[in-house]
Amino acid sequence: MKTTPQDLVVTRWGARFMERRFPCSIGKGGIVATKREGDGGTPIGIHEIANLYYRADRVPALNGTKIRGGDLWCDATDHPDYNHLVRAPFHASHEKMRRGDRLYDLVLTTDWNWPNATPGKGSAIFIHRWRKQRHPTEGCVAFRADHLRWIAERITPATRLIVR
């Protein structure tokens, strides 16, 4: 597979983007060929960057969508909105996008199992801020805050997340 400097290439050892290398975190289940909801795996493959969301009260303005109070991400495999942004009140299983911690202050969503989600194939494969260096995620790819910002400011419609 041919990659370009515009591709964000992730392995278990780190990431490469725009000819720079970055430490990153991956899912606690490692890099997986077959992804399932809740397995903690980061799915191998080529993923498009679908959207950029950010907390305007915590992150300087970006070219993306502001995360509002009441924004949620549905992870209920039996719900029609599975693996989509939804609004509160929402009674099916979900994650809050506007969190108390800083993990989702800046989020790049991917096209993993989106927009046409297959139940149980996994949801919310995001690129976001890490909890602490190399601390595993639930399946997302996570970076140090300043690295994530640097990447977000340089992504283009041609940028792909490539997980090897």
Side-chain angles (χ1 to χ4, degrees), residues 8 10 15 17 22-29 31-32 35-43 45-157 159-161 163:
L8 177 58
V10 171
F17 179 66
F22 302 94
C24 68
S25 297
I26 60 169
K28 63 186 177 188
I31 293 175
V32 297
K35 175 76 181 138
R36 300 182 330 275
E37 184 70 37
D39 67 359
T42 301
I46 301 171
H47 314 291
E48 303 297 322
I49 306 296
N51 294 293
L52 184 153
Y53 295 99
Y54 69 99
R55 290 271 307 253
D57 60 326
R58 293 183 176 173
V59 174
L62 286 166
N63 187 17
T65 303
K66 293 178 184 176
I67 297 172
R68 303 170 295 164
D71 282 348
L72 311 169
W73 197 268
C74 177
D75 58 12
T77 59
D78 61 346
H79 196 279
D81 289 321
Y82 174 57
N83 203 26
H84 284 83
L85 185 71
V86 294
R87 296 278 302 152
F90 186 77
H91 301 291
S93 180
H94 62 271
E95 279 191 80
K96 289 182 180 179
M97 294 295 289
R98 193 174 178 94
R99 297 169 57 121
D101 62 24
R102 305 217 49 158
L103 295 185
Y104 288 1
D105 286 1
L106 170 56
V107 177
L108 300 168
T109 64
T110 71
D111 69 346
W112 174 259
N113 201 24
W114 180 94
N116 301 312
T118 300
K121 192 175 175 185
S123 63
I125 301 302
F126 295 161
I127 301 167
H128 63 76
R129 181 178 176 163
W130 66 22
R131 187 173 309 280
K132 59 185 178 184
Q133 185 171 356
R134 305 271 190 203
H135 186 83
T137 68
E138 295 300 314
C140 298
V141 177
F143 292 92
R144 201 172 81 190
D146 59 323
H147 291 166
L148 179 60
R149 174 73 189 214
W150 191 92
I151 292 166
E153 289 173 342
R154 288 160 181 82
I155 61 168
T156 72
T159 301
R160 304 174 297 174
L161 170 65
V163 179

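Sequential numbering from 1 along the given sequence is applied to the chain's residues.
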Peer 1: Determine the minimum heavy-atom distance between Gly139 and Ile125, stating which atoms define it.
Peer 2: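 Minimum heavy-atom contact is O-CD1, 3.7 Å.
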
Peer 1: So, taking the atom named CD in Glu95 and the one named CG in Leu85, what distance separates them when rounded to the nearest 0.5 Å?
Peer 2: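 So the CD of Glu95 and the CG of Leu85 are separated by 11.5 Å.
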
Peer 1: Name all residues meeting the salt bridge (charged side-chain N to carboxylate O under 4.0 Å, His left out) criterion together with Lys66; count only those two or more places apart in sequence or in a different chain, and write none if there are none.
Peer 2: none

Peer 1: Looking only at atom types and distance, does a side-chain atom of His94 sit under 3.5 Å from a main-chain N or O of Ala92, one as donor and one as acceptor?
Peer 2: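 Present.
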
Peer 1: Identify the heavy atoms of Leu106 and Ala152 that sit nearest to each other, and give their distance.
Peer 2: CD2-CB, 3.9 Å

Peer 1: Considering all heavy atoms of both residues, which atom of Val163 and which atom of His47 are nearest to each other, and what is their separation?
Peer 2: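 Val163 and His47 have their closest heavy atoms at CG2-CD2, 4.0 Å.
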
Peer 1: Which heavy atom of Ser25 sits nearest to which heavy atom of Thr137, and what is that distance?
Peer 2: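 Of all heavy-atom pairs spanning Ser25 and Thr137, the closest is CB-CG2, 4.2 Å.
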
Peer 1: Between Phe126 and Tyr53, is the ring centre distance below 6.0 Å?
Peer 2: no

Peer 1: Are the side chain of Asp105 and the backbone N or O of Val59 linked by a donor-acceptor pair below 3.5 Å?
Peer 2: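 Checking the backbone N and O of Val59 against the side chain of Asp105, no donor-acceptor pair under 3.5 Å is found.
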
Peer 1: Of all heavy-atom pairs between Arg129 and Leu148, which one has the smallest distance, and what is that distance?
Peer 2: N-CD2, 3.4 Å

Peer 1: Taking the inter-plane angle between the rings of Trp150 and Phe22 on a 0 to 90° scale, is it parallel (under 30°), tilted (30 to 60°) or perpendicular (over 60°)?
Peer 2: tilted

Peer 1: Nearest 0.5 Å, what's the CD1-NZ distance between Ile67 and Lys96?
Peer 2: 13.5 Å

Peer 1: side-chain contact (heavy atoms from CB on, under 4.5 Å) for Trp130 and His135? Distances and angles first, verdict last.
Peer 2: CA-CA 7 Å; Trp130 66 22; His135 186 83; 5.8 Å; no

Peer 1: Whether the side chain of Glu37 engages the backbone of Ser123 through a donor-acceptor N/O pair (distance < 3.5 Å, no angle test) should be reported.
Peer 2: yes

Peer 1: State whether the side chain of His84 and the backbone N or O of Tyr82 hold a donor-acceptor pair below 3.5 Å, judged by distance alone.
Peer 2: yes

Peer 1: Do Asn51 and Thr65 have side-chain heavy atoms sitting under 4.5 Å apart?
Peer 2: no

Peer 1: What do you reckon, is CG of Asp101 surrounded by more than 12 foreign heavy atoms closer than 6.0 Å?
Peer 2: yes

Peer 1: Drop me the distance from Ile49's CD1 to Leu8's CG, to the nearest 0.5 angstrom.
Peer 2: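 So the gap between those two atoms works out to 6.5 Å.
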
Peer 1: Does CZ in Arg36 sit with more than 12 non-hydrogen atoms of other residues, nucleotides or ligands closer than 6.0 Å?
Peer 2: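 It does not: Arg36 CZ has 12 such atoms or fewer within range.
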
Peer 1: Provide the closest heavy-atom pair for Asp71 versus Arg68 in the form atom of the first, atom of the second, distance.
Peer 2: OD2-N, 2.8 Å

Peer 1: For a side-chain contact (heavy atoms from CB on, under 4.5 Å) check, start with the C-alpha distance between Phe143 and Ile151, then their side-chain angles and the critical distance, and finish with the verdict.
Peer 2: CA-CA 10 Å; Phe143 292 92; Ile151 292 166; 3.9 Å; yes

Peer 1: Should Trp112 and Leu161 count as side-chain neighbours, where that means a heavy-atom distance under 4.5 Å?
Peer 2: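 No; the side chains remain at least 4.5 Å from each other.
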
Peer 1: Between atom CZ of Arg87 and atom SG of Cys74, what is the distance when rounded to the nearest 0.5 Å?
Peer 2: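 So the gap between those two atoms works out to 15.0 Å.
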
Peer 1: Spell out, as yes or no, whether a donor-acceptor pair under 3.5 Å connects the side chain of Asn113 to the backbone of Thr118.
Peer 2: yes

Peer 1: Less than 4.5 Å apart, any side-chain heavy atom of Arg98 and any of Tyr104?
Peer 2: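 When only atoms from C-beta onward are counted, Tyr104 and Arg98 do not touch, as no gap falls below 4.5 Å.
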
Peer 1: State, with a plain yes or no, whether a side-chain heavy atom of Arg144 is found less than 4.5 Å away from one of Pro23.
Peer 2: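 Of all side-chain heavy-atom pairs linking Pro23 with Arg144, none is under 4.5 Å.
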
Peer 1: Determine whether Lys28 and Glu138 satisfy the following criterion, salt bridge (charged side-chain N to carboxylate O under 4.0 Å, His left out), listing intermediate values before the conclusion.
Peer 2: CA-CA 6 Å; Lys28 63 186 177 188; Glu138 295 300 314; 3.1 Å; yes

